[in-house]
Amino acid sequence: MSKGLPKRSEDYSQWYNELVKKADLAENSPVRGCMVIKPYGFAIWEKMQATLDKMFKDTGHRNAYFPIFIPKSYLSKEADHVEGFAKECAVVTHYRLKQAADGGGVVVDPEARLEEELIVRPTSETVIWSTYKNWIQSYRDLPLKLNQWANVVRWEMRTRLFLRTAEFLWQEGHTAHETEEEARQETLLMLQVYTDFVQDHMALPVIQGVKTESERFAGAVDTYCMETLMQDGKALQAGTSHFLGQNFAKAFDVKFAARDGGLDYVWGTSWGVSTRLMGALIMAHSDDSGLVLPPKLAPIQVVIVPIFKNQEQLEAISVVASGLIRQLNELGISVEYDDRDTYKPGWKFAEYELKGVPVRIAIGPRDLENNTAEVARRDTSEKQIVKQQEIGAKVKHLLADIQDSIYRKALKYRDQHITDVDSYEAFKSVLETKGGFVRAHWDGTANTEQRIKEETKATIRCIPLDQRQEPGTCIYSGEPSQQRVIFAKAY
RNA sequence: CGGGGUGUAGCGCAGCCCGGUUAGCGCACCUGCUUUGGGAGCAGGGGGCCGCAGGUUCGAAUCCUGCCACCCCGACCA
């Protein structure tokens, strides 16, 4: 349909790359692995941010900002943490450039070497916990529940727009608590906040679970996650919430005077979602004509396209359009009126489909005569003729229906792609032919997990939270198992 | 870092093997006219250090040497 957009069935990954560029979401930057987020893409991210930010504040968190640079020594204070991130850190070694001796540009001034090198943050636990040490003296200072919106850098080998970039935008929440119980509750609360956001706003069903030891965040005691499924049958981790135990408190010596007069280490959590959610949003709902955006996150919810042969017609249509715009704005619906005469209606239709605008209204000479408008929905491409005075109510209903309908479509797809298997043969076969989530028994050892990963490229996405115990035997080793875990090939 | 590939206009490419007028095509862009209910047509126009540096030659996008960059496939990951 769209000019040059590859079909999902032919080359899913090419389809995704082209879609991101053609829909004006983002493009590659001069620096390898980094991206420029374009205004239309950033508008979607801003809506995500605004919604999440409110949810964080409603659950008692406040925003703060910590620096992008971290002294190198900080990173090594928590052993697992440094091991997890050391291989992908950008390092600042100098603070000055100078003219090259041959006059050809600038070079690093060797005399401007830093005493202690600085790490560009891959995540902020270390700076934040070193700061918390100064802020927390007593149980009265707890809980401390902060969030920051920031950029982080992880020097990845292979990058893809939104899904994995060297620099990405995210939010990271960091909380400190008096008791283990309270910290664990916080971890689960934020997992639920994320889940509500992804399901209600992104229209994407998730599976909540806990990570195995080998997939756990570096420095965490437990990592909880939400796993989503993309249209090509691969899983995408949409967000994580970590129970840190007292690991960082001990590493950064964060102690507080307890109610009973004793001195105790605080209990911590951290949780984050990133611009990767943009990738999930794009891949989950879109089709061969372009983006399909859930109305709650669409920067433009309705576009009005006039169809006219001459200036007088356009003026007459514009009068009707401004009436409709007022009607829709009063209902809190964002509308764009595209009266450019440099593009034909057909071109505009294709363009707004590519950009995923949920509802399109076309008004032409016929509609002027009949006091109607043509209303088309992006997700199913159904069109109908609606009386102008009923547009507001109709569109409001339609937006709600689209939001609901794309969620149900994604849910149906997801549910059809959860397969239970009881043998390694069936496991491999499902992965190769059908893809999706595969529920299987696992003996609980990292060794088996590793072997399966090497042999099939599938990883344990999570041990689902809402699942009953069910005795069985591991598909790989034949050892006893208490419950199924979820495997998938993942992004 | 191993294997494969590509660098020519904003984007996508041809030309290179076999050196030789002014480097060409499609899209996009600009101007004008006709168009406008599913990506319009015609006419005119602008835009190039042919990745970089050497070399061979009367002459290099084309041949040789070196370098650089990017993409794809593997090992790492929100």
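In what follows, chains carry the letters A, B, and so on, assigned in the order in which the sequence lines appear, proteins first and then strands, with residues in each chain numbered from 1. Values reported hereafter were calculated over all heavy atoms of this structure, with side chains retained and with hydrogens, waters and symmetry mates removed.
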Which whole-number value in Å describes the distance from A:Glu156 CD to B:C71 C1'?
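Taking CD of A:Glu156 and C1' of B:C71, I get 18 Å after rounding.
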
With under 30° as parallel and over 60° as perpendicular, where do the rings of A:Phe248 and A:His81 fit, or are they tilted in between?
perpendicular

Between [M] and [N], how far apart are the [atom1] atoms? Round to whole Å, please.
N     : M     : atom1 : value
B:C71 : B:U8  : P     : 14 Å
B:G15 : B:G26 : C1'   : 15 Å
B:G66 : B:A28 : C1'   : 37 Å
B:G4  : B:A23 : C1'   : 30 Å

Any chance the side chains of [X] and [Y] put a donor and an acceptor closer than 3.5 Å?
X        : Y        : answer
A:Asn151 : A:Trp170 : no
A:Gln208 : A:Gln192 : yes
A:Thr240 : A:Thr223 : no

Measure from the side-chain heavy atoms of A:Lys87 and tell me the nearest of B:G38, B:C76, B:G37.
B:C76

Consider the side chain of A:Glu374, meaning its heavy atoms from C-beta on, and name the nucleotide among B:G39, B:G37, B:U36 that approaches it most closely.
B:G37

Residue matched to B:C18 through Watson-Crick or wobble contacts both under 3.5 angstrom:
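For B:C18, the partner nucleotide comes out as none, under the 3.5 Å rule.
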
Should A:Phe168 be counted as stacked on B:A78, where stacking needs a ring-centre gap under 5.5 Å and an angle between planes under 30 degrees?
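Here the ring of A:Phe168 and the base of B:A78 are stacked, with centres under 5.5 Å and planes under 30°.
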
Counting the atoms with a prime plus P, OP1 and OP2 as sugar-phosphate, which does [X] contact under 4.0 Å by heavy atoms, base, sugar-phosphate, or nothing?
X        : answer
A:Thr240 : nothing
A:Gly364 : base
A:Lys453 : nothing
A:Asp367 : base
A:Arg360 : base

Under 3.5 Å, is there an N or O donor on one side and an acceptor on the other linking the side chain of A:Lys383 and the base of B:G38?
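A donor-acceptor contact between them is present.
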
State which residue, out of A:His174, A:His242, A:Glu125, fulfils the side chain to side chain donor-acceptor pair (under 3.5 Å) condition with A:Ser270.
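Going through A:His174, A:His242, A:Glu125 one by one, the side chain to side chain donor-acceptor pair (under 3.5 Å) with A:Ser270 is satisfied by A:Glu125 alone.
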
So, OP1 or OP2 of B:G37: does either fall under 4.0 Å of a side-chain N or O from A:Lys344?
yes

